[in-house]
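Throughout, a chain's letter reflects where its sequence line sits, starting with A, and its residues are numbered from 1. Here the structure is a predicted model, which is why all the values come from computation and not from measurement.
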Amino acid sequence: MAKELTPRHIDYAKWYNDLIIKADLAENSGVRGCMVIKPYGYAIWEKIQQELDRRFKETGHQNAYFPLFIPKSYLSKEADHVEGFAKECAVVTHYRLKNAPDGKGVIVDDEARLEEELIVRPTSETIIWDTYRNWIQSYRDLPLLINQWANVVRWEMRTRLFLRTAEFLWQEGHTAHATRDEAIAEAELMLNVYADFAERFMAIPVIKGVKSPNERFAGAEETYCIEAMMQDGKALQAGTSHFLGQNFARAFDVKFATKEGKEEYVWATSWGVSTRLIGALIMTHSDDNGLVLPPTLAPIQVVIVPIYRGREDFEKVNEVAVNIFENLKKAGIAVKYDDRDTHKPGWKFNEYELKGVPIRIAIGPKDIENNQVEIARRDTLEKVVVSQIGLTDYIRKLLEDIQETIYEKARAFRDSMVSSADTWEEFTRLLDEKGGFISAHWDGTSETEERIKELTKATIRCIPFDQKPEEGKCILTGKNSKGRVLFARAY
RNA sequence: CGGGAUGUAGCGCAGUUGGUAGCGCACCUGGUUUGGGACCAGGGGGUCCCAGGUUCGAGUCCUGGUAUCCCGACCA
């Protein structure tokens with residue numbers, strides 16, 4: 001039937017795309033490079049938002065909202081920043097349309113040219129720091145801990161659903177601090193929030209580390225990141241946190257009076273995760289039958305499918321099913337009872353597997369007779385028959401077990417995808433034959449990193465926080481190195 | 001922005017030498033079905049990407065646009 005997914009081993013990219021369409025997460029839109037996030041996909045994003053928002057508030061942050069449009073002049077105030085984003089900015093030049101002279105539709109009114117063009121934000125540092133100038137006068141105003149949930153636009157040449165779209169949804173935190181140490185601590189704190197969220201909530205194991213200068217955010221002094229490993233052996237940056245030093249404070253003249261009455265520039269951070277996390281989620285857990293969702297993120301955690309022949313059967317089955325449904329709902333479990341008679345049970349089984357619903361309960365005449373139900377778990381595809389007595393507790397424990405199991409499975413896979421290379425031959429062979437992270441020595445220069453990228457398409461994903469000091473020779477140049485960094489081909 | 005391909009029903013496609021548009025899925029109606037994507041019967045749905053041109057006649061040939069996809073350079 002038409003719902004079959006392309007298996008991963010045949011074409012991983014096609015599998016990814018098929019899955020998104022068939023699980024009803026998102027679709028391409030009439031606008032090049034922009035996607036429509038459909039209700040089921042958006043429900044997953046809302047779960048991500050809710051949990052992250054809770055964690056941001058818990059660490060003292062407040063939400064605010066800054067404009068979509070940024071005056072062109074703002075962007076050019078920080079040299080590295082503008083350099084980093086200039087090539088992918090959408091620009092608003094006019095503010096009015098008029099009827100076309102030939103009567104066919106509308107055209108841009110040339111007389112309505114903006115005096116200063118507006119950039120559609122690719123990120124909000126500039127508009128935010130321009131605003132912070134007025135908010136910060138004294139050390140008493142610090143720290144300033146703000147987050148915003150927003151859309152941003154980066155005019156990408158090649159796009160892929162969730163992984164890289166011209167417009168995407170994200171959150172961006174922007175904080176101001178009195179001291180360098182405090183700002184660094186904030187950037188590290190938020191990276192830890194991301195890492196903990198990724199692992200506990202999304203069941204995605206990540207490696208924390210620092211970006212090399214080449215991969216650093218434009219305008220940052222230091223970029224921290226969490227890196228995840230996808231099933232096809234490619235790495236994916238799942239979140240970043242930046243220590244911005246005083247770069248934006250200087251560019252936007254944001255100073256404060258210290259306790260001692262001296263005037264100083266403030267220290268800044270910014271940090272973000274985006275709808276890209278949904279791409280990471282898909283490529284970490286899902287299989288050839290479709291999406292696999294960790295219970296914490298699943299819009300539907302349990303689905304109940306009744307099985308029956310004829311009306312009498314249905315009534316008996318329905319009574320039990322409704323009872324189970326009510327009990328699970330009362331227990332705070334997101335449960336759906338699918339009693340549609342327009343689709344056969346087999347159709348429903350496949351549909352909910354495609355959508356990654358963690359647990360399916362099937363109830364038929366046989367089960368009614370024996371006071372049991374059939375339970376199928378999505379992650380392992382195992383089916384068991386269990387008693388109707390104590391079912392709610394059983395389900396609750398099973399949800400926890402699924403969460404744990406898929407995380408452990410992903411972690412075991414990730415661990416198996418970290419290799420070491422000590423020679424160039426070994427390095428390139430591992431990249432081509434196995435993929436994954438390759439731990440190797442690097443001489444610390446931008447030129448070498450660039451050269452390795454040209455030769456192999458692999459980049460330094462991060463210098464891990466837990467890097468062990470170790471004398472060695474650079475994989476490419478043979479020059480001295482004091483520790484290994486993680487290379488990978490990446491999304 | 002370079003290289004390649006493709007635009008025909010909601011989706012996936014076929015359409016011969018130029019002769020007035022079809023298949024599968026989906027959809028609608030009725031019936032039989034229901035423990036892993038049911039079956040039968042009937043039905044609806046088209047600016048054949050757009051604009052010119054050749055021709056008695058163009059989905060098909062020619063010219064020019066345009067859109068999308070794939071591969072490269074750039075990126076969360």
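For B/rG19, the paired nucleotide is B/rC56, the pair qualifying as Watson-Crick or G-U wobble because both relevant distances are below 3.5 Å. For B/rU34, there is no paired nucleotide, since no Watson-Crick or G-U wobble pair has both relevant distances below 3.5 Å. Pair assignment for B/rC69: B/rG4, on the basis of Watson-Crick or G-U wobble contacts that are both within less than 3.5 Å. In this structure, B/rU63 and B/rA51 make a Watson-Crick or G-U wobble pair, each of the two defining distances being under 3.5 angstrom. B/rA41 and B/rU29 make up a base pair, with Watson-Crick or G-U wobble contacts both under 3.5 Å.
At the phosphate of B/rG72, OP1 or OP2 sits under 4.0 Å from a side-chain N or O atom of A/R158. The side chain of A/R32 contributes an N or O atom lying less than 4.0 Å from OP1 or OP2 of B/rU68. Here A/K348 does not reach the OP1 or OP2 of B/rG35: none of its side-chain N or O atoms lies under 4.0 Å away.
No hydrogens or angles considered: nothing links the side chains of A/T240 and A/T223 as a donor-acceptor pair under 3.5 Å. Using modelled atom types, one finds a donor on one side chain and an acceptor on the other under 3.5 Å when comparing A/E172 with A/H174. Side-chain contact check for A/Y16 and A/D232: no donor-acceptor pair (N or O, by modelled atom type) lies under 3.5 Å. Side chains of A/Q231 and A/Y12: a donor on one and an acceptor on the other come within 3.5 Å. Side-chain contact, A/R121 with A/T123: no donor N or O sits under 3.5 Å from an acceptor N or O.
Within 4.0 Å of A/D341, counting heavy atoms only, lies no atom of the nucleic acid at all. Residue-level contact check: A/F168 touches the bases, meaning some heavy atom is under 4.0 Å from a base atom. Contacts of A/R160 with the nucleic acid, taken as non-hydrogen atoms under 4.0 Å apart, are absent. Counting non-hydrogen atoms under 4.0 angstrom, A/K383 reaches a base of the nucleic acid. At a threshold of 4.0 angstrom between heavy atoms, the contacts of A/T342 with the nucleic acid are absent. Within 4.0 Å of A/L163, counting heavy atoms only, lies at least one base atom of the nucleic acid. Using a 4.0 Å heavy-atom distance criterion, A/K366 is classed as a base contact.
Annotation: B/rA41 and B/rC25 have their P atoms spaced 12 Å apart (nearest Å). Spacing of P atoms, B/rC11 relative to B/rC50, comes out at 15 Å, to the nearest Å. Using P as the reference atom, B/rU17 and B/rU60 are 15 Å apart when rounded to the nearest Å. Comparing B/rA73 with B/rA14, their P atoms sit 31 Å apart, to the nearest whole Å. Rounded to a whole angstrom, the distance from the C1' atom of B/rC48 to that of B/rG59 is 5 Å. One P atom belongs to B/rG24, the other to B/rA9, and the distance between them is 16 Å to the nearest Å. Separation of the C1' atoms belonging to B/rA26 and B/rG37 is 13 Å when rounded to the nearest angstrom. Rounded to whole Å, the P atom of B/rA21 lies 15 Å from the corresponding atom of B/rG44.
For A/E351, counting side-chain heavy atoms from C-beta on, the closest listed nucleotide (B/rG35, B/rA73, B/rG37) is B/rG37. Taking every side-chain heavy atom of A/A362 into account, B/rG35 is the closest of B/rG36, B/rG35, B/rC74. Relative to the side chain of A/P365, the nucleotides B/rG35, B/rG36, B/rA73 differ in distance, and B/rG35 lies closest. Comparing B/rU34, B/rC69, B/rC74 by their closest approach to the side chain of A/P345 singles out B/rU34. Checking B/rC1, B/rG36, B/rG35 against every side-chain atom of A/E353, the shortest atom distance belongs to B/rG36.
For the segment residues 304-327 of chain A, the set of residues with a heavy atom within less than 4.0 Å of an atom of RNA chain B comprises A/I307, A/Y308, A/R309, in numerical order.
A/K234 forms a cation-pi arrangement with A/Y491, by the criterion of a distance under 6.0 Å to the ring centre and an angle within 45° of the ring axis. Cation-pi check for A/R360 over A/F349 is met; the charged atom lies under 6.0 angstrom from the ring centroid and within 45 degrees of its normal.
Relative orientation of the A/W170 and A/F168 rings is perpendicular, given thresholds of 30° and 60° on the angle between their planes.
For the pair A/K316/A/P365, no side-chain contact is recorded, criterion being any heavy-atom separation below 4.5 Å from C-beta on.
Position along RNA chain B of the nearest nucleotide to A/N350 versus A/N28 favours A/N350 as the more 5'-ward residue.
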